[in-house]
There are 2 protein chains.
Amino acid sequence: MKKIKVSNNVIRRMPRYLRKLDELDAQGISRISSSELGNLLGLTPSQIRQDFSCFGEFGQQGYGYNVSALKEEIAKILGTDRGYNAVLVGVGNIGRALMDNFCFSDWGCNLISAFDVDKDIIGREINGVPIRSMDDFSGFLAENRVDLAVLAVPKEYALSVTDVLTENGIKAIWNFTNVDIAGPESPLIVENLHFSDSLLSLSYYISERNDENAARAARLERQKAAKDKK
Amino acid sequence: MKKIKVSNNVIRRMPRYLRKLDELDAQGISRISSSELGNLLGLTPSQIRQDFSCFGEFGQQGYGYNVSALKEEIAKILGTDRGYNAVLVGVGNIGRALMDNFCFSDWGCNLISAFDVDKDIIGREINGVPIRSMDDFSGFLAENRVDLAVLAVPKEYALSVTDVLTENGIKAIWNFTNVDIAGPESPLIVENLHFSDSLLSLSYYISERNDENAARAARLERQKAAKDKK
DNA sequence: TCGAATTTGTGATAATATTAACTAAATAAC
DNA sequence: GTTATTTAGTTAATATTATCACAAATTCGA
């Protein structure tokens with residue numbers, strides 16, 4: 001087991017492993033080798049073994065990995081057993097969708113409160129989670145451990161609300177706004193879900209494929225023309 | 001300008017450049033150097049120049065880059081000028097949030113229709129976008145060019161709906177379900193927005209920092225104890 | 001107009017990340 | 001019980017990515 005800092009790329013793959021293992025476990029599959037897992041995920045067995053080796057030895061030569069044990073290990077590595085408390089800031093459309101649909105507890109997080117400025121929804125509850133006024137934010141934090149804030153306010157407010165969060169001692173933010181809320185120097189831990197970045201990447205890949213197809217078609221066309229001439 | 005295949009990492013950075021340039025442009029800043037941009041984004045100037053050099057020469061020695069010209073170039077690289085048509089499949093919470101809040105046209109996409117199976121919402125319109133029945137999906141595709149589908153159905157239906165989409169000739173999917181809808185061999189272009197993966201990464205980084213802090217505290221504690229003893 | 005100061009684009013280099021090869025342990029077959 | 005097979009963990013090799021360094025082009029103040 002290596003003890004050096006684990007790279008970003010590895011961390012980004014761990015949740016995928018976890019999801020796949022969950023799926024296999026649900027299917028009643030109890031044992032898997034690195035090559036089988038690699039086939040399922042489109043990764044090389046080497047990479048999988050190397051990734052796991054960052055955190056320990058979870059397999060058995062000649063056997064492979066026990067699915068449910070490995071699942072537990074990875075879940076633990078990712079911190080799902082730490083019972084982090086989250087608050088949602090901004091109960092607009094996205095925030096609402098998260099409260100309704102996203103099962104925080106599946107991933108070891110407790111969504112303990114939501115906050116908004118809209119008087120019409122303050123005091124209500126969605127899925128057992130109360131919506132409080134931003135005025136009560138600081139007081140709430142004094143009485144509750146909060147490990148992360150889910151930022152889902154309209155983008156115009158992203159920066160000012162981030163200031164409020166940091167002033168109140170929030171150290172980690174799950175950012176759904178389309179704005180970069182922390183500069184390179186910031187001590188905040190920020191995880192961005194920039195929808196537009198994602199869509200633009202997709203747009204690029206579509207364009208790339210279209211261009212390839214167009215080039216291929218043009219080549220065929222030229223060949224055909226040359227043949228007809230002859 | 002290099003003509004080799006542009007790497008994934010580069011593509012993932014391009015949208016960030018675009019967003020920052022948009023911001024600078026809105027602030028009336030017309031000129032920027034790679035080092036200034038690097039400072040804003042936490043990247044090295046070299047990397048920025050190298051990234052851009054994959055696509056052409058957009059700068060000017062001794063001057064830097066013209067913000068709005070560069071913005072246009074990058075937008076074009078990402079395909080925002082191609083007028084891609086998108087359809088939304090699944091008008092639940094997330095789908096609804098996208099229709100209400102996400103401005104597809106800002107990124108060069110036209111959301112031309114949504115589809116769902118819920119009779120109560122079929123026939124309605126949100127933000128000018130009509131909601132149709134999945135029964136009409138195939139017919140709609142016959143009459144309209146559709147470049148990508150936004151998949152926002154409950155995860156139980158993710159795979160079966162993906163089958164329907166591919167059967168109907170959809171080649172690219174923006175996937176909001178928490179499920180991997182395409183294996184390694186699939187010809188589909190899939191861009192995933194796995195919320196849970198993102199949250200778990202955040203959870204890891206929080207845990208990592210907590211552990212570091214705990215280790216530091218323990219070290220100080222030991223030092224203090226040793227000193228007291230003496 | 002000139003010369004110093006900028007700043008790009010790029011080839012060379014350094015650093016990372018991935019893949020392959022190897023070793024040893026465990027299992028399965030006979 | 002012995003042997004062939006499987007397969008993890010690890011070290012080495014390869015490939016990819018990021019950074020450095022510098023020539024060439026341009027700007028800008030004097």
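Note that the structure is predicted; figures quoted are calculated from it, not measured. Numbers restart at 1 for each chain; the letters A, B, ... are given by sequence-line order, proteins then strands. Excluded from the calculations below are hydrogen atoms, water molecules and symmetry mates; all remaining heavy atoms, backbone and side chain alike, are included.
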Contact pattern, 5' to 3', of nucleotides 14-24 of chain C - B, S or - by protein heavy atom under 4.0 Å = ---SBBBB--B
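- For A:Ser53 and D:dG9, the shortest distance from a side-chain N or O to OP1 or OP2 is not below 4.0 Å.
- Using a 4.0 Å heavy-atom cutoff across all strands shown, A:Phe52 reaches no nucleic acid atom at all.
- Classified by interplanar angle (parallel below 30°, tilted 30° to 60°, perpendicular above 60°), the ring pair A:Phe102/B:Phe195 is tilted.
- No salt bridge links B:Arg16 with A:Asp197; every basic N to acidic carboxylate O contact stays at or beyond 4.0 Å.
- In this structure, A:Gln60 atom CD and D:dT5 atom C1' are separated by 16 Å, rounded to whole Å.
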Stepwise, does the salt bridge (charged side-chain N to carboxylate O under 4.0 Å, His left out) test hold for A:Glu191 with A:Arg12?
-> CA-CA 12 Å; A:Glu191 171 68 24; A:Arg12 297 285 158 185; 2.9 Å; yes
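- Atom C1' of nucleotide D:dG9 and atom CD of A:Glu73 are separated by 15 Å, given to the nearest angstrom.
- Among B:Leu151, B:Val153, B:Val150, B:Asn192, the one residue that satisfies the side chain to side chain contact (heavy atoms under 4.5 Å, CB included) test with B:Phe176 is B:Val150.
- Separating the CZ atom of B:Phe58 from the C1' atom of C:dT8 is a distance of 13 Å, rounded to the nearest angstrom.
- Figure legend: cation-pi geometry between A:Arg31 and A:Tyr65 absent, as NZ or CZ is not positioned both under 6.0 Å from the six-membered ring centre and within 45° of its axis.
- Separating the CD atom of B:Glu36 from the P atom of C:dT6 is a distance of 12 Å, rounded to the nearest angstrom.
- B:Tyr63 has its OH atom 18 Å from the C1' atom of C:dG9, to the nearest Å.
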For residues 215-222 of chain B, dump all side-chain donor-acceptor pairs below 3.5 Å to protein atoms at least two apart in sequence or in another chain.
unit_1   : atom_1 : unit_2   : atom_2 : d
B:Arg216 : NH1    : B:Asn213 : OD1    : 3.1

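- Distance CZ (A:Arg31) to C1' (D:dT7): 9 Å, rounded to an integer number of Å.
- Within the 4.0 Å cut-off from OP1 or OP2 of D:dG9, at least one side-chain nitrogen or oxygen of A:Tyr65 is found.
- Between the P atom of D:dA18 and the CG atom of B:Leu41 lies a distance of 14 Å, rounded to the nearest Å.
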